[in-house]
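Quick note on labels: first sequence line is chain A, next is B, and so on, each numbered from 1. Being a predicted model, the structure only gives us computed values, none of them experimental.
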Amino acid sequence: MSKPTPLSGFPEYLPAQRMIEQNLIERIRSTFELYGFAPLETRAVEPMDQLLRKGETSKEVYVLRRLQEDPNAEKDDNALGLHFDLTVPFARFVLENSGKLQFPFRRYQIQKVWRGERPQEGRYREFLQADIDVVDRDNLPFHYDTEMPLVVGDALRSLPIPPATILVNNRKVCEGFYRGLGLEDPDEVLRTVDKLDKIGPVKVAELLVARGASAAQAEACLQLAQISTSDASFVDLVRKLGVDNELLTEGLEELARVVETANEHAPGLIRAELKIARGLDYYTGTVYETELQGYERHGSICSGGRYENLASSGNERFPGVGISIGVSRILGLLFGRDALTISRSVPTAVVVALPQEELRGRCDQIARSLRSRRISTEVAPSAAKFGKQIRFAERRGIPYVWFPGADGEPDTIKDIRSGTQVEADAATWEPPAEDRTPLVQGV
RNA sequence: GUGGUCGUAGCUCAGCUGGUAGAGCACCGGGUUGUGGUCCCGGGGGUCGCGGGUUCAAGUCCCGUCGGUCACCCCA
């Protein structure tokens, strides 16, 4: 068998990187719980009709199929697909368990998702998302829309990564504005305007006109899209464009609340950016996007929004709002620039040197004693020369080597970074707090 | 899914218009009968991503494929 090669879009990390990933996940998780979000995990698959319920993303869904399924069977309406986000499975879960949940229900979910897209840096076919959502029965108070950026802001700021800015918009602003202008197809306009950064205002205007807008309408759309403020001053800027529409007014009011709340609790975190659209078509109001300083061109690292109708069946309706941190994207981008480091490639804090194979039992006892105080310890693999045993630790970044004392002498422990070696008792020795676990740092 | 670009030792790369593979670092051993990181000496390691074609001869040309990356699409 020839040497296995990587699978495009399915990244695998070495232990050092996996420890960094786990470190970030843990910080995110604890922030989510700090805000009272309850843990949830849903199965990896959903029935296709659930996944496709909301749109034309079908091409991206990986379908699950048995190798030996009957080729003559009639086409399977219950075919399964891997979920491509965590919001749709969550909506299904809420409907399925609505009788057992208390509302408003807030949960977090940190899981892999799959999309059949062409991979590139920061874009994968299998990747990890850390998602929070709040849903309520019938009506979800708007203040949850203002809470989402605060939670995610705290989570992101707890990570050793560059500063992030949450960009926020509201579908009602755009739709109301376009309708107020007399444009028929707000979704189409939104899609076009969303390309502003990539193709520029001239091309966007051309496209809008090509799709039936007048020059004046196109110009107004562009003016709206170019509004970007860190406070609620965008409201006046929009008003000056002279479009009047009820939905627009409602959207402006909502968006202003999101921005003002963020500025009150987390200055510098948020920016109203009236050109962002978000792809997923189930968003109906607030939409979030997040740029990471220095990595703006690689797209959003954290997105979400308000969905009014995602979870509904019959006369039951559970509107929600949520946002998802793209853990894999953040890692991929930062790893690509060596912008995340870890102090060692293994969890081990102490290697117990082995003087002779016959003393392994004694070394195991030392290790057990250290482990009983939660100090990660391993015993050297063989009774090699001490120089080699020290090198074993050094290559892995392990900070301490423990030397059992020869015939009656006390044990000693050596900090191989400084070279200092002192007497130590396995029953009481403690490492400095910063050496207990590998240290993850941004560069 | 469409198109562009790149792919030589673990890493960074050299290899002229085709003539049967090299450097630095890393790694291993010895100098140093047991405490590393300096220095000296020595060593292992590549079917040049993979497959096919052209040619007397291909890392070097052509095609395909896989992988990385970029653009489109879409999006974490």
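Taking atom P on both U17(B) and G1(B), the two are 36 Å apart, rounded to the nearest angstrom. Taking atom C1' on both G24(B) and A14(B), the two are 11 Å apart, rounded to the nearest angstrom. The separation of G3(B) from U8(B), taken at their P atoms, amounts to 24 Å, rounded to a whole angstrom. Taking atom C1' in both G45(B) and G22(B), one finds a spacing of 13 Å when rounded to whole Å. Comparing the P positions of G51(B) and G59(B) gives an interatomic distance of 12 Å, to the nearest angstrom. G49(B) and G10(B) have their C1' atoms separated by 16 Å, given to the nearest Å. C62(B) and G67(B) have their P atoms separated by 22 Å, given to the nearest Å. Taking atom C1' in both A9(B) and A23(B), the straight-line distance is 11 Å, to the nearest Å.
To the nearest angstrom, C1' of C27(B) lies 12 Å from NZ of Lys388(A). Rounded to whole angstrom, the span from the NZ atom of Lys385(A) across to the C1' atom of G31(B) amounts to 10 Å. As rounded to whole Å, 20 Å separates atom C1' of C75(B) from atom OH of Tyr295(A). Taking atom CZ of residue Arg118(A) and atom P of nucleotide U69(B), one finds them 12 Å apart after rounding to whole Å. Going from atom CD of Glu117(A) over to atom P of C72(B) covers 13 Å, rounded to whole Å. For Leu333(A) and C70(B), the CG to P distance is 9 Å, given to the nearest whole Å. Note: CG (Leu190(A)) to C1' (C74(B)) measures 14 Å, nearest angstrom. Counting to the nearest Å, the C1' atom of A71(B) and the NE2 atom of His298(A) are 13 Å from each other.
Within the structure, every side-chain polar atom (N or O) of Arg395(A) is placed at least 4.0 Å from both OP1 and OP2 of G37(B). Residue Gln120(A) places no side-chain N or O under 4.0 Å from the OP1 or OP2 atom of U69(B). Between Arg396(A) and G36(B) there is no side-chain polar atom (N or O) within less than 4.0 angstrom of OP1 or OP2.
Side-chain N or O atoms of His83(A) include one that pairs as donor or acceptor with a backbone N or O of Arg43(A) at under 3.5 Å. A donor-acceptor pair under 3.5 Å is formed between the side chain of Gln389(A) and the backbone N or O of Ala384(A).
For C50(B), the paired nucleotide is G64(B), the pair qualifying as Watson-Crick or G-U wobble because both relevant distances are below 3.5 Å. With both pairing distances under 3.5 Å, C72(B) is matched to G1(B) as a Watson-Crick or G-U wobble pair. The nucleotide U32(B) finds no pairing partner, because no Watson-Crick or G-U wobble arrangement with both distances shorter than 3.5 Å includes it. Across the strands present, C27(B) finds its partner in G43(B); the criterion is a Watson-Crick or G-U wobble pair with both atom distances under 3.5 angstrom.
Between Glu175(A) and the options Lys172(A), Arg171(A), Arg179(A), a salt bridge (Lys or Arg N to Asp or Glu O under 4.0 Å) holds for only Arg179(A). Among the candidates Asp131(A), Asp85(A), Leu86(A), the single residue satisfying the side chain to side chain contact (heavy atoms under 4.5 Å, CB included) test with Gln111(A) is Leu86(A).
Across C70(B), G67(B), U32(B), the shortest atom-to-atom separation from the side chain of Glu121(A) is found for C70(B). Here C74(B) is the nucleotide among C74(B), U35(B), C70(B) with the atom lying nearest to any side-chain atom of Arg191(A). The nucleotide whose nearest atom lies closest to any side-chain atom of Glu60(A) is, among G29(B), C70(B), C74(B), C74(B). Here the side chain of Ser8(A) is nearest to one of G67(B), U69(B), G36(B), namely G67(B). Counting only heavy atoms from C-beta on, Arg329(A) has its side chain closest to C75(B) among A71(B), U35(B), C75(B). Taking the side chain of Arg123(A) as heavy atoms from C-beta on, and the options C74(B), G67(B), G34(B), the nearest nucleotide is C74(B). Closest to the side chain of Glu394(A), out of G37(B), A71(B), U35(B), is G37(B). The nucleotide whose nearest atom lies closest to any side-chain atom of Thr5(A) is, among C66(B), C75(B), G36(B), C66(B).
Remark on RNA chain B: of its neighbouring residues Gly326(A) and Thr412(A), the 5'-side contact belongs to Thr412(A), judged by nearest-heavy-atom nucleotide. Residue order along RNA chain B, read from the 5' end via each residue's closest nucleotide, puts Gly9(A) first among Gln129(A) and Gly9(A).
Residue Ala384(A) is in base contact, counting any heavy-atom pair closer than 4.0 Å across all strands shown. Base contact: Tyr124(A) has a heavy atom under 4.0 Å from a base atom. Across all strands shown, Gly387(A) has heavy atoms under 4.0 Å from sugar-phosphate atoms exclusively, and none from any base. Looking at heavy-atom distances under 4.0 Å, Ile416(A) makes contact with a base. At a threshold of 4.0 angstrom between heavy atoms, the contacts of Ala353(A) with the nucleic acid are absent.
Thr87(A) and Tyr282(A) make their closest contact through CB-OH, 3.6 Å (heavy atoms, listed as atom of the first residue, atom of the second, distance).
Side-chain atoms of Arg211(A) and Thr192(A) form a donor-acceptor pair, as typed in the model, at a separation below 3.5 Å.
In this structure, Arg18(A) pairs ionically with Glu21(A), as a charged nitrogen and a carboxylate oxygen lie closer than 4.0 Å.
For the atom pair CG (Leu159(A)) and CD1 (Ile325(A)), the distance works out to 7.0 Å, reported to the nearest 0.5 Å.
Geometric assessment of Arg106(A) against the ring of Tyr108(A) yields a negative cation-pi assignment under the 6.0 Å and 45° thresholds. A cation-pi arrangement is absent between Arg115(A) and Tyr62(A) under the rule of less than 6.0 angstrom and at most 45 degrees off the ring axis.
Using cut-offs of 30° and 60° on the angle between ring planes, the pair Tyr400(A) and Trp429(A) is perpendicular.
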In the 5'-to-3' direction, what one-character label does each nucleotide of nucleotides 4-12 of chain B receive under the scheme B = base within less than 4.0 Å of a protein heavy atom, S = sugar-phosphate only, - = no such atom? ---------

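In this model, no side-chain donor or acceptor of Gln389(A) finds a partner on the base of U35(B) within 3.5 Å.
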